[in-house]
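Note sheet for the following structure.
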Amino acid sequence: MFRLLLFVGLLVISNYTNAQGWGQTQKITPDDRVLADEFGWSVVVQGNVAAVGARSVDFNTSDRGAVYMYEKDVSNNWIQTQKLFNSDARQFDRFGQSVDMDGNLMIIGARSQDYDENGGGMFYDSGGAAYIFEKDVTGHWNEMQKLVSSDRGETFQPLLGETVAISGNYAVVNAPREVKGLSGQPDLINAGACYIFERDGSGVWSEVQKIVPSQRYARDQFGDFALAISGNTIAVGSFRHDFDVNEQNEVLSAGAVYIFERDTNGIWSQTQKIVDSNREIGEWFGRSVALDGDLLMVGVSQDYFQGDGNAQYGAVHVFERDVTGVYNNTQVIIPDALNFQSQFGHSIDVEGDKMIVGAYQMDIGSVSFGGAAFMFEKDVNEIWNQTAEMYDINVNSGDDFGYNVAVSGDFAFVGAYEQDEDFEGLNPLSQAGAAYVFDVNEPNTLSSIATLSLVDHHSNSNIKAYPNPIKDILNLDLGEHYTNVTINITNIFGQKIVSKEYINSQSIQLELHQSKGVYLLEVMAENKIISVLKVVKH
């Protein structure tokens with residue numbers, strides 16, 4: 001990554017949140033930080049305990065992964081208390097890919113673990129696994145059990161453990177590339193599935209059910225990065241899904257969220273499919289989900305905000321469950337600091353009347369894609385209002401601050417897995433990662449992102465670009481036909497790396513075979529700039 005400094009003048013602009021809380025109290029980096037550990041890839045906080053995943057920690061072998069445990073002391077400082085590995089750790093396990101916590105129980109995903117529940121036996125490349133940890137009376141976390149799917153080995157690289165969730169005696173583990181459905185259903189490439197595990201009276205976890213949507217589709221990757229459980233309710237996002245609630249009206253990657261409920265017989269069944277009432281191509285409804293009681297929060301990280309030329313800003317849709325058990329959309333939330341293609345809603349967490357939302361591609365002043373998070377709180381009228389903006393004052397380009405977020409009580413954690421510097425802002429190590437702690441009782445003196453912003457991104461109400469992030473190909477729908485179109489692509493240093501011309505075009509498939517990174521794509525039509533888009537290459 002490449003450091004960009006905010007202009008000095010910007011730092012003395014009047015403070016946006018000088019009367020508000022949620023100020024930063026700590027930047028956390030592990031003492032044994034190493035190049036490309038990706039510390040902060042996953043975060044969870046509950047009361048006085050927090051866990052931070054570093055899925056690419058090496059320690060004797062490449063990318064085995066680790067999870068660091070932290071506890072809050074009497075001075076509200078978060079102190080590292082433990083570093084967790086899976087007992088059968090091997091190369092490329094990615095332990096810490098995902099993490100969730102409920103009371104004294106924690107579940108950790110290892111999406112690329114290859115072996116069965118005994119840590120040996122049959123080898124299945126990236127079959128994946130999840131691990132249950134339990135906190136003992138001394139506060140020490142111990143591995144209790146390894147969870148694998150009952151049908152593992154039938155699918156090549158299903159990546160079990162990509163996303164995990166736990167509540168009481170139930171845990172849910174996602175396998176986004178699962179091909180197999182339920183008995184009698186056809187194989188569908190990367191359709192995805194989730195596995196439910198239940199803890200019995202002896203503390204043993206057993207798989208009790210595999211869940212898939214009532215209507216499956218290839219490449220939906222059901223549950224990928226979007227999974228939540230609260231009591232007898234499970235919410236599963238499927239942001240690549242194309243169809244409405246009636247399985248009609250195809251809109252590519254508009255997205256959907258599925259609700260599953262547990263009945264008195266212990267069977268989990270789909271009770272609702274939720275889609276955006278105003279579906280758009282590539283808006284990714286269901287990129288993230290969060291549950292808390294009767295509240296359901298759905299991240300729509302590429303939502304087209306209607307109030308500003310239909311530009312792609314991202315949003316969070318709030319749903320509340322009524323007395324009949326149906327979730328109804330009660331509010332759509334966008335941040336005060338609108339920032340084109342910021343991926344607002346990529347990550348989300350909610351507890352009671354507090355909600356934190358990540359926007360990991362948000363521009364911070366002159367620093368592109370530094371990332372941000374936003375705190376929202378519910379007022380007496382049940383309306384969610386923005387109460388704080390969070391970002392790193394020493395932001396670097398491409399930090400991915402806000403890639404994952406968590407809130408509990410008075411504290412919020414924000415992960416920035418591509419951050420380079422240690423807790424003192426020194427000793428840069430590329431992608432070593434960091435996590436940031438914010439306290440509701442600490443004044444937030446950061447200037448408004450909207451005030452800081454120097455970047456004026458052109459946007460065109462008709463242009464749609466998907467998918468984004470991309471692997472190799474970006475689809476562009478210009479919204480209307482143009483005689484002459486020129487596409488210019490520059491890197492974060494402002495260097496032009498690609499320039500292509502098209503004649504008589506509306507739809508363009510643009511190949512981008514450059515290395516991983518962030519790029520600006522300038523679209524010119526009839527010799528005028530009609531849009532400048534951020535494109536992330538994975």
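Just so it is clear, the model here is predicted, and its values are computed rather than measured.
- Ring-plane geometry between Y403 and Y417 is classed as perpendicular, the angle between the planes exceeding 60 degrees on a 0 to 90 degree scale with a lower cut at 30.
- Note that CD1 of I107 and OH of Y170 are 14.5 Å apart. Values are rounded to the nearest 0.5 Å.
- With sequence neighbours excluded, the residues forming a side chain to side chain contact (heavy atoms under 4.5 Å, CB included) with N48 are K72, listed by chain and number.
- Using a distance-only test at 3.5 Å, with no hydrogens or angles considered, a donor-acceptor pair links the side chain of D420 to the main chain of Q431.
- Listed by first and then second residue, the salt bridge (Lys or Arg N to Asp or Glu O under 4.0 Å) pairs involving residues 92-110 are E38-R94, D63-R94 (not counting sequence neighbours).
- The two atoms that bring S408 and G47 nearest to each other are OG-N, 2.9 Å, heavy atoms only.
- Checking each of F413, F401, F423 against Y436 for a side chain to side chain contact (heavy atoms under 4.5 Å, CB included) leaves exactly one that passes, namely F401.
- The backbone N or O of G345 lies less than 3.5 Å from a partner atom in the side chain of S288, making a donor-acceptor pair.
- For D292, the salt bridge (Lys or Arg N to Asp or Glu O under 4.0 Å) test picks out no residue, with sequence neighbours left out.
- Under the salt bridge (Lys or Arg N to Asp or Glu O under 4.0 Å) criterion, the residue pairs touching residues 187-198 are K180-D187, with sequence neighbours excluded.
- With sequence neighbours excluded, the residues that form a side chain to side chain contact (heavy atoms under 4.5 Å, CB included) with I497 are I489, N491, Q514, Y519.
- With sequence neighbours left out, Q343 forms a side chain to side chain donor-acceptor pair (under 3.5 Å) with S301, Q302.
- Each of V44, V164, L84 was checked for a side chain to side chain contact (heavy atoms under 4.5 Å, CB included) with I108, and the lone residue meeting it is L84.
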Please tabulate, for the side chains in residues 153-161, all donor-acceptor contacts under 3.5 angstrom to protein atoms that are two or more places apart in sequence or on a different chain.
| residue | atom | partner | partner atom | Å |
| --- | --- | --- | --- | --- |
| T155 | OG1 | E178 | OE1 | 3.4 |
| T155 | OG1 | E178 | OE2 | 3.0 |
| Q157 | NE2 | D125 | OD2 | 3.0 |

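- With sequence neighbours excluded, no residue satisfies side chain to side chain donor-acceptor pair (under 3.5 Å) with S202.
- In this structure D32 satisfies the side chain to side chain donor-acceptor pair (under 3.5 Å) test together with Y68, K83, sequence neighbours excluded.
- Applying the salt bridge (Lys or Arg N to Asp or Glu O under 4.0 Å) test to every pair with at least one member in residues 252-261, sequence neighbours left out, gives these pairs: E261-R321.
- For the salt bridge (Lys or Arg N to Asp or Glu O under 4.0 Å) condition, the pairs that include at least one residue of residues 162-172, sequence neighbours left out, are R111-E162.
- Residues passing the side chain to side chain donor-acceptor pair (under 3.5 Å) test with Q46: none are found, sequence neighbours excluded.
- Note: H317 and F319 have parallel aromatic rings, judged against thresholds of 30 and 60 degrees for the angle between ring planes.
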